[in-house]
Amino acid sequence: MENKLHVSDLRISFKTTSGKVQAVRNISFDLDKGETLAIVGESGSGKSVTSKAILGILAGNSIIEGGEIIYDGKDLLKISEDDFHHIRGDKIAMIFQDPMSSLNPIVKIGRQLTEAMILKGKARQRESRANFNGFLKNLNLAMKQAAAEAGKSADAEIDAMCRKFDDFEHNHIKLEAAFNQARDAALDAIETIDELSFEMEKNAVKDMKYRVSQMVRESLQAIHPYLVSTRADELTQLTKDLPKLAEAGRKAGSFAEVLPKLAGIKAILQEAVALPVPDFFAMGYNDAFGGGKLPECPVPEINGILEQKLHDEFLNKFESYVEMALRFSAGRSAGKKKEAIEVLGTCAADFPEDAVLERKAADSAAKKLIDAVEATKNPVEFKKDSLTFTFESSIRGEIDTYFTGVRKNVIEQRRHDRMQAKHDRLVKKGREPDWTVPAAAITDLEQVKANIRHLADRLVSHYGTLLDAEAGRDFSAETQDVIAYLKTSASGVVEKVTKTTARLKALKLMEEVGIHDPRQRFNQYPFEFSGGMRQRIVIAIALAANPDILICDEPTTALDVTVQSQILELINNLKRERQLSVIFITHDLGVVANMADRIAVMYAGKIVEYGTAEEVFYNPVHPYTWALLSSMPDLDTDQRLEAIPGTPPNMIYPPKGDAFAPRNKYALKVDFELPPPMFKVSDTHYAATWLLHPQAPKVEPPAIVTERIARMKARMEERNA
Amino acid sequence: MPDMKVEVPIEDDVLLKVDHLCQYFGPMKAVDDVSFTVKKGEVFGLVGESGCGKTTTGRSIIKLYDITSGSVYFKGVRVCAGKKSFYDAIREARKEFREKSRDASPEEKAALKAKMDAIIAEQQENIKKADYDNKNCDKEYIEKLRAAAEEKYRPLIDSAATAEEKARLTREYRNELRKASKTKLITKIQMIFQDPIASLDPRMTVREIISEGLLIQGEKDQKVIEQKVYEMLELVGLVREHASRYPHEFSGGQRQRIGVARSIIMNPDMIIADEPVSALDVSIQAQVINLLNDLREKFGLTILFIAHNLSVVKYFSDRIGVMYYGKLVELAPSDELFLNPLHPYTRSLLSAIPLPDPLYEKTRQRVTYNPLAEHDYSVDKPSLREVKPGHFVMCNQAEFDRYMAILK
């Protein structure tokens with residue numbers, strides 16, 4: 001599994017008039033590609049704060065105390081606002097709980113849907129071009145260096161080859177895009193025909209004229225040399241005057257004339273989409289370099305001929321050069337890593353315990369480390385090594401924290417002393433002041449230095465594992481990956497988003513999220529939609545950018561069951577289709593059973609239980625998870641619900657021991673004194689409760705939970721039998 | 001068109017009877033010909049997706065809207081009546097007369113005219129009755145209250161020992177009479193709203209919020225008000241000190257408790273709970289549901305429970321009505337509904353319920369409901385039919401036969 005997002009040791013607090021509220025306390029989790037992680041907890045447990053931190057939209061009074069959020073080789077807590085513009089909404093999108101506050105009330109829905117698409121479309125095009133060109137340049141350089149090392153001088157040849165690749169790759173993408181467009185049109189037309197003929201049989205067609213002409217337009221778009229080619233005339237014949245005929249049919253109340261034509265069109269289109277797909281990569285080469293006319297024969301044969309030609313004339317040689325470059329560059333990087341390990345080893349001496357740092361010395365020491373780490377970067381590796389890439393920003397951030405701390409701790413301590421003195425004075429006078437002195441917000445300088453040392457140690461061990469794995473690398477497979485990467489970057493350059501395409505895409509999205517008559521609703525304002533409909537619009541907007549990671553903050557809490565289940569299905573489907581990673585935040589455990597691969601239960605800013613969905617539902621071990629499970633009825637519940645008594649703790653003064661202890665009827669004495677560590681239940685299942693300690697008394701979950709689990713197991717066996 | 005002429009006798013244990021209720025907003029039929037009864041001490045659940053008219057039904061019952069047609073009976077008194085059906089009948093009669101009399105002989109014409117006039121007269125009578133009921137439904141109830149007060153105080157006053165005692169009793173008696181004359185029958189139905197933040201005035205203290213209904217009803221004695229407010233606060237699990245605070249100082253669950261206290265203080269016979277837990281955290285939902293359950297046992301409250309969370313509705317209700325686009329499509333005791341869902345919409349709704357069971361969830365198939373594909377109502381129109389004692393389904397004859405076969 002490819003790791004998409006890595007959160008470690010995240011600590012966030014909010015500055016308020018009555019003190020520092022510790023909203024998130026040491027949270028760590030990973031998110032893999034195509035995985036759903038559900039974060040469950042009450043309001044105030046810090047789940048929304050975590051998600052907002054990932055998106056960089058924390059409120060102004062927030063303080064990030066520490067930790068890191070690593071995405072695509074960047075630490076999201078440390079990058080600049082300008083850099084965040086390329087990530088927020090584009091790579092990481094969010095669906096908010098309250099749709100009305102995330103829609104602009106005075107802009108029409110359609111505009112709000114397409115606005116981001118058009119803006120981001122241009123940005124994406126620019127970015128893809130930069131990626132493609134930059135990477136090809138790096139590759140070119142590496143090839144030359146590799147050749148030079150091998151004693152060959154092939155600079156001219158390599159340059160020519162790269163230029164050639166650049167040329168025909170663009171050709172390939174253009175051909176492929178045209179074909180895909182035609183094919184998509186054909187698929188859409190088939191879908192519309194199915195709907196139309198069903199409705200025509202029932203004599204209940206809505207919005208007919210537009211839909212029929214849309215269908216005709218789409219089916220005509222499907223005319224393409226490798227799609228509808230020989231039967232193109234037949235198709236044109238069939239679609240001629242179809243909208244008029246349909247309109248006449250509606251007036252007469254019978255669609256006898258139209259239906260057979262629809263069936264005919266559908267047959268042609270279905271035949272076309274079932275045809276084999278030509279190899280456009282090879283065809284692009286052929287077109288670009290005078291391959292001449294293609295022979296008249298079936299597609300698979302053409303593919304064979306073209307691929308043969310491509311490999312003979314170009315690709316075999318190109319691939320061998322790429323492989324050579326990769327091998328050379330990897331070898332160089334490995335050498336630099338060995339050097340870096342030595343340099344990093346000096347870190348402990350530069351940032352020693354119990355010693356005050358000097359700004360100048362600290363900066364130069366940091367520079368030495370950063371230079372060593374920078375040198376290990378491999379320019380022809382497109383998967384960025386996140387630890388290497390975030391090292392500079394992390395270490396600079398820590399040093400800044402240290403020196404701001406040095407300055408501010410004095411001021412803060414003085415302020416605190418003054419308040420305390422005032423309070424003491426009042427108490428001495430016999431008055432009872434109705435305010436308390438908030439704890440001083442002092443930065444722990446030793447901790448910061450420890451963080452820096454930890455950064456270096458972690459990188460050393462990371463490099464160790466990488467160097468061990470160096471021997472087993474399969475460079476020919478990596479060569480293929482590199483070429484595939486170049487192809488995808490190139491496809492981003494060609495994809496152009498115009499107003500019309502954005503509108504069509506928006507209409508399709510609106511239909512996908514279950515909005516009827518999208519054409520009419522496109523021009524309405526948010527207040528004309530009901531709550532559920534608004535939420536669907538927000539989801540459509542979030543999906544329009546085709547993000548990598550989707551954060552859903554209680555997206556279905558305000559919706560009813562049918563819509564909720566539609567939306568969840570929609571998110572699930574998108575996740576499968578686009579390999580989307582989803583973070584799903586909710587207080588309703590029932591919802592996440594459907595969605596989640598893994599579940600993290602949060603309470604008072606900490607993760608208290610963490611495991612796969614099956615483990616958390618069938619074998620919950622933390623009393624808070626029990627309480628959540630037993631406080632909601634399911635279809636078989638008839639006993640009294642077990643509500644959780646009391647309210648979550650005040651996070652200005654977090655409890656000393658387990659934060660849930662005061663509301664927990666299973667609390668042990670130690671729960672009030674010591675915070676429990678994460679106990680391991682299985683390889684994927686952890687929980688922070690003293691009940692798991694070997695010396696703890698045996699405690700059974702509440703009856704309502706055990707009975708439900710027994711019922712679920714019985715039902716499962718029944719199904720299996 | 002609902003037939004309004006039949007006066008349905010109301011059984012004793014029926015507290016609320018909704019009879020062919022229609023609520024149109026312009027061309028939009030928010031509620032279309034919905035009939036059901038709610039018995040005393042029962043929890044009746046209304047479910048359906050958003051926009052299906054369940055909230056509108058609740059609001060029409062409590063007279064927040066003027067209903068389009070149909071009637072609502074509460075404690076045997078018609079509290080609201082719509083008139084559109086009567087006007088429609090008159091228009092229909094006139095149209096029929098015009099069409100039929102076009103080529104009829106003079107005698108036939110006279111007979112037709114007489115028939116039309118009879119219909120018009122009857123409908124106008126209905127309209128008058130509806131107007132009267134809408135205006136005067138409280139009078140009867142006030143009379144009843146006054147009589148009860150008299151019955152209680154008359155003998156007490158007569159048998160009072162001292163003059164002071166007598167004066168005090170007379171004062172109390174007058175107070176009762178005054179309050180009675182201000183009472184409206186509809187205040188015996190109270191509402192709990194979905195959003196506890198939006199439904200409480202942020203500028204009023206909890207004491208003011210809870211006692212507002214009493215003040216409107218004419219209660220002037222501050223001591224009585226204070227006493228009652230404290231009683232209510234303790235009843236819903238808050239403490240006396242909370243009375244002088246403002247709503248923003250409370251958590252979501254506590255705010256909803258204030259909403260509950262505000263409606264209970266009116267000593268209602270019935271509560272319309274419109275999504276009372278949907279906006280709350282799961283742990284707090286359980287607190288509020290438990291509270292409503294306790295109050296129901298304590299006061300024998302009748303509750304119309306409107307919600308979209310089917311697990312909660314199932315847990316809480318005795319009978320459930322399923323609404324789809326303004327129509328009641330299925331009505332049954334809650335166990336029966338979940339055991340034998342018959343209407344395809346109900347089945348689709350039940351198939352969408354998420355359960356805390358991941359393996360089951362991963363295989364759960366949601367059934368979609370497409371009225372066009374499911375029903376053929378081109379010839380035979382559907383109506384609400386009883387397929388089993390207490391179990392009604394909206395269907396036509398063919399479907400009815402099919403459902404009966406399934407149940408066997």
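Lettering follows sequence order; numbering is per chain, from 1.
Heavy atoms of Q639(A) lying under 4.5 Å from chain B belong exclusively to its backbone. Both the backbone and the side chain of Y360(B) come within contact range of chain A, judged by heavy atoms closer than 4.5 Å. In this structure, the portion of A596(A) lying under 4.5 Å from any heavy atom of chain B is its backbone and not its side chain. Both the backbone and the side chain of A373(B) come within contact range of chain A, each with at least one heavy atom under 4.5 Å from a heavy atom of that chain. Heavy atoms of I289(B) lying under 4.5 Å from chain A belong exclusively to its side chain.
Heavy-atom proximity under 4.5 angstrom to chain B picks out M712(A), R715(A), M716(A) from residues 709-717 of chain A.
The number of heavy atoms from other shown groups lying within 6.0 Å of NZ (K29(B)) does not exceed 12.
Atom CG of L568(A) sits about 9.0 Å away from atom CD of E361(B), to the nearest 0.5 Å. Put simply, NE2 on H375(B) and NZ on K202(A) are 10.0 Å apart, with the number rounded to the nearest 0.5 Å. Between the CG atom in N290(B) and the CD atom in E642(A) there is a gap of 9.5 Å [rounded to 0.5 Å]. The CG atom of L635(A) sits 4.5 Å away from atom CD1 of I353(B), with the distance rounded to the nearest 0.5 Å. Residue Q564(A) holds its CD atom at 13.0 Å from CD of E49(B), rounded to the nearest 0.5 Å. To the nearest 0.5 Å, atom CG of residue D357(B) and atom CG of residue L589(A) are 12.5 Å apart.
Side-chain contact between L359(B) and F617(A) is absent, with no heavy atoms from C-beta onward closer than 4.5 Å.
Chain A forms more heavy-atom pairs under 4.5 Å with one residue of V312(B), V277(B), V47(B), D294(B) than with any other, namely D294(B). Top candidate by heavy-atom pairs under 4.5 Å with chain B, chosen from M632(A), E569(A), M595(A), is E569(A).
The backbone N or O of I644(A) sits less than 3.5 Å from a side-chain atom of Q287(B), completing a donor-acceptor pair.
In this structure, the side-chain contact (heavy atoms from CB on, under 4.5 Å) partners of D195(B), at least two apart in sequence or on a different chain, are I197(B), A198(B). With sequence neighbours excluded, no residue satisfies ring pair (Phe, Tyr, Trp, His ring centres under 6.0 Å) with Y246(B). Not a single ring pair (Phe, Tyr, Trp, His ring centres under 6.0 Å) links Y315(B) to another residue, sequence neighbours left out.
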